[in-house]
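No experiment lies behind these values; they were computed from the predicted model shown. The chain is numbered in sequence order, starting from 1.
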Amino acid sequence: MRHRVPKIQIGNRFISEGLFYKNQRLDPATGCIEWTGVHNSIGYPFIGYWSEDHPRGAMMTAHRIALALKLGRDIAPGMNANHICHNRR
């Protein structure tokens with residue numbers, strides 16, 4: 001029997017809800033939410049997603065996912081997701 005993983009949908013992409021929220025922590029000194037999961041070679045946080053276009057998975061920056069969740073919609077290609085804390089975590 002397969003277990004269903006709760007997921008977040010952004011446009012045509014799906015992200016594991018548990019993985020997204022598990023990899024966050026609040027920095028009490030700054031009030032910023034920081035990513036504790038995977039980072040790329042220049043320090044930006046990434047999380048995997050899957051879609052019909054990428055059934056085996058692909059990666060997307062965590063702050064872009066966070067902004068899409070806050071807005072309730074996908075972010076247009078070419079648009080930037082700036083973050084208030086100005087750090088890459």
Quiz prompt | Nearest-0.5 Å distance, OG1 of residue Thr36 to CD of residue Gln24 | solution = 8.0 Å
Quiz item: With sequence neighbours left out, which residue pairs that include part of residues 62-74 fulfil the side chain to side chain donor-acceptor pair (under 3.5 Å) condition?
Solution: Arg13-Asp74
Practice problem: Using the rule that two of Ile, Leu, Val, Met, Phe, Trp, Tyr join whenever any of their side-chain heavy atoms come within less than 4.5 Å, decide whether Tyr21 and Ile10 are in one cluster. | Solution: yes
Quiz prompt | Spatial distance of atom CD1 (Ile47) from atom CD1 (Ile15) [nearest 0.5 Å] | solution = 6.5 Å
Quiz item: Is there a side-chain contact between Lys7 and Ser16, using heavy atoms and a 4.5 Å cut-off?
Solution: no
Quiz prompt | Min side-chain heavy-atom separation Leu69-Phe20 under 4.5 Å | solution = yes
Exercise. Check whether more than 12 heavy atoms from other residues, nucleotides or ligands sit under 6.0 Å from atom CG of Leu19, and answer yes or no.
Key: yes
Exercise. Return each pair, listed once, that meets disulfide (SG to SG under 2.5 Å) where at least one residue sits in residues 20-89; pairs must be two or more places apart or across chains.
Key: Cys32-Cys85
Quiz item: If you group Ile, Leu, Val, Met, Phe, Trp and Tyr by side-chain heavy-atom gaps below 4.5 Å, do Trp35 and Ile8 land in one group?
Solution: yes
Quiz item: Would you find a donor on one side and an acceptor on the other, under 3.5 Å apart, between the side chain of Thr61 and the backbone of Phe46?
Solution: no
Quiz item: Under a 4.5 Å side-chain heavy-atom rule over Ile, Leu, Val, Met, Phe, Trp and Tyr, are Met59 and Phe14 clustered together?
Solution: no
Exercise. Give a yes or no on whether the backbone of His54 and the side-chain of Glu52 come within a donor-acceptor separation of less than 3.5 Å.
Key: no
